[in-house]
Amino acid sequence: MNQVWGALGIALLGLLGCGGPPEGESLEVLGMENAGVTVMTPKRVMPLGDSITQGAAGHASYRCELWRKLTRNRYKADFVGTLSTGYLGENTCSSPGFDRDHEGHWSWRTDQVLANISNWAESTRPDLVLIHLGTNDTYHDQTEDSTVSELEQIIDRLRVVNPRVKVFLAQLIPTAGAALALKIQSLNQRMPGLAAAKSTADSPVYVVDQWTDFNPSTDTYDGVHPNLIGEEKMAERWYQAIREHL
């Protein structure tokens, strides 16, 4: 009861212009939650993709550095997904409190993700989705049209669960193989048109350029999957894209 009266007193003083909580203290710390004030919950962020999102055992994945950037700069996020490990074992992220949840599936194509996204979205209900998909499509000679169509359908199914979901669509990182890199670059050129066609006021689609200045020779450990340098580059691009939406 003393907390309630104290909280009401602070609110009254604020209305009268006589002050408020001490600088640096939140209303929640002072017991305002007991007075019926809603406490904001972190936005649910789904990293969605293939092996580049999941990362292998012994590697941190871009998710680790993204988490570090967010927490270092006092942004709150709740990573969500039905998986929590790297391929064949744990990711080696040492960032304190790293939220390991994600939806990165090693070697999966876009059509495979499409077949499962409704169930994943229903169980995790993301507010923001970071999509890096299409690399394996190029390896398996899927057409650009089919991949673009499947990405559009993924967005549609996310919106069934959350009509206000915000989608961040990557232009994919390049690979070391010249022929495959050209295919990826061609697919990347379709992303702005896809985003423009699918974006709405309630559920915007943003393009995130992961291609530019990413060098497979120095930024991956096998020509495909990011090393620590590549993970940092990817995390920075995601961070700059999503921070104002958290």
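Side chains included, hydrogens not; waters and symmetry mates left out as well; all remaining heavy atoms used. Along the sequence shown, residues are numbered consecutively beginning with 1.
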Do the side-chain N and O atoms of [X] and [Y] include a donor-acceptor pair separated by under 3.5 angstrom?
{"X": "Ser203", "Y": "Thr200", "value": "no"}
{"X": "Gln240", "Y": "Arg237", "value": "no"}
{"X": "His102", "Y": "Thr53", "value": "no"}
{"X": "Gln142", "Y": "Thr138", "value": "no"}

Shared ILVMFWY cluster between [X] and [Y], side chains joined below 4.5 angstrom?
{"X": "Ile242", "Y": "Leu48", "answer": "no"}
{"X": "Met191", "Y": "Ile154", "answer": "yes"}
{"X": "Ile52", "Y": "Leu83", "answer": "no"}
{"X": "Ile184", "Y": "Met234", "answer": "no"}
{"X": "Val45", "Y": "Val167", "answer": "no"}

Closest approach of [X] to [Y] (non-hydrogen atoms, all atoms of both residues):
{"X": "Ala201", "Y": "Pro204", "answer": "O-CD, 4.1 Å"}
{"X": "Arg125", "Y": "Val161", "answer": "NH2-O, 3.2 Å"}
{"X": "Pro216", "Y": "Pro174", "answer": "CG-O, 3.6 Å"}
{"X": "Asp213", "Y": "Asp219", "answer": "O-OD2, 3.9 Å"}
{"X": "Tyr221", "Y": "Ala56", "answer": "OH-CB, 3.9 Å"}
{"X": "Leu70", "Y": "Tyr239", "answer": "CD2-CD1, 3.7 Å"}

Ion pair check, [X] and [Y], cut-off under 4.0 Å:
{"X": "Asp78", "Y": "Arg44", "value": "no"}
{"X": "Lys198", "Y": "Asp156", "value": "yes"}
{"X": "Asp50", "Y": "Arg109", "value": "no"}
{"X": "Lys166", "Y": "Asp127", "value": "no"}

Is there a side-chain contact between [X] and [Y] in this structure, where contact means two heavy atoms from C-beta onward sitting under 4.5 Å apart?
{"X": "Gln210", "Y": "Pro226", "answer": "no"}
{"X": "His59", "Y": "Glu231", "answer": "yes"}
{"X": "Val113", "Y": "Trp120", "answer": "yes"}
{"X": "Val208", "Y": "Trp238", "answer": "yes"}
{"X": "Asn91", "Y": "Ser61", "answer": "yes"}
{"X": "Tyr75", "Y": "Lys43", "answer": "no"}
{"X": "Leu128", "Y": "Leu246", "answer": "yes"}
{"X": "Glu122", "Y": "Ser118", "answer": "no"}

Considering residues at least two apart in sequence or located in another chain, which fulfil the side chain to side chain donor-acceptor pair (under 3.5 Å) criterion with [X]?
{"X": "Thr110", "result": "Asp137"}
{"X": "Asn227", "result": "none"}
{"X": "Ser199", "result": "none"}

Partners passing side chain to side chain contact (heavy atoms under 4.5 Å, CB included) against [X] (at least two apart in sequence or in another chain):
{"X": "Ala235", "answer": "Glu65, Leu66, Lys69"}
{"X": "Ser84", "answer": "Arg100, Asp101"}
{"X": "Pro126", "answer": "Met46, Val80, Ala121, Thr124, Val129, Leu158"}

From [X] [atom1] over to [Y] [atom2], what is the distance, rounded to the nearest 0.5 angstrom?
{"X": "Leu172", "Y": "Asn188", "atom1": "CG", "atom2": "CG", "value": "4.5 Å"}
{"X": "Thr135", "Y": "Leu187", "atom1": "OG1", "atom2": "CG", "value": "8.5 Å"}
{"X": "Asn119", "Y": "Asn116", "atom1": "CG", "atom2": "CG", "value": "7.0 Å"}
{"X": "Leu114", "Y": "Thr147", "atom1": "CG", "atom2": "OG1", "value": "11.0 Å"}
{"X": "Asn215", "Y": "Lys233", "atom1": "CG", "atom2": "NZ", "value": "6.5 Å"}
{"X": "Leu130", "Y": "Tyr206", "atom1": "CG", "atom2": "OH", "value": "13.0 Å"}

Which pairs with one or both residues in residues 79-140 pass disulfide bond (SG atoms under 2.5 Å apart), sequence neighbours excluded? Cys64-Cys93
Give a yes or no on this: more than 12 heavy atoms of other residues, nucleotides or ligands lie within 6.0 Å of atom CG of Leu182. yes
Does atom CZ (Arg243) have a neighbourhood of more than 12 heavy atoms from anything else shown, all under 6.0 Å? yes
Taking only residues two or more places apart in sequence, or in another chain, which ones meet Asp141 in a salt bridge (Lys or Arg N to Asp or Glu O under 4.0 Å)? Lys183
By salt bridge (Lys or Arg N to Asp or Glu O under 4.0 Å), Arg157 pairs with (sequence neighbours left out) none
Other than Leu180, what residues sit in its cluster of Ile, Leu, Val, Met, Phe, Trp and Tyr side chains whose heavy atoms are under 4.5 Å apart, directly or through others? Tyr139, Val224
Mind checking who shares a hydrophobic cluster with Ile229, ILVMFWY linked at side-chain heavy-atom distances under 4.5 Å? none
Run the salt bridge (charged side-chain N to carboxylate O under 4.0 Å, His left out) check on Asp99 and Arg63 step by step: do they pass? CA-CA 9 Å; Asp99 189 340; Arg63 296 177 286 107; over 6 Å; no
His132: which residues meet the ring pair (Phe, Tyr, Trp, His ring centres under 6.0 Å) condition with it, sequence neighbours left out? none
Could you go step by step and tell me if Trp108 and Leu133 meet the side-chain contact (heavy atoms from CB on, under 4.5 Å) rule? CA-CA 9 Å; Trp108 280 36; Leu133 270 172; 5.8 Å; no
Between Ser51 (side chain only) and Gln54 (backbone N and O only), is there a donor and an acceptor less than 3.5 Å apart? no
Could you check, using the six-membered ring where one of them is a Trp, whether Trp67 and Phe79 have ring centers closer than 6.0 angstrom? yes
Aromatic ring proximity Phe168/His245, centre distance under 6.0 Å: yes
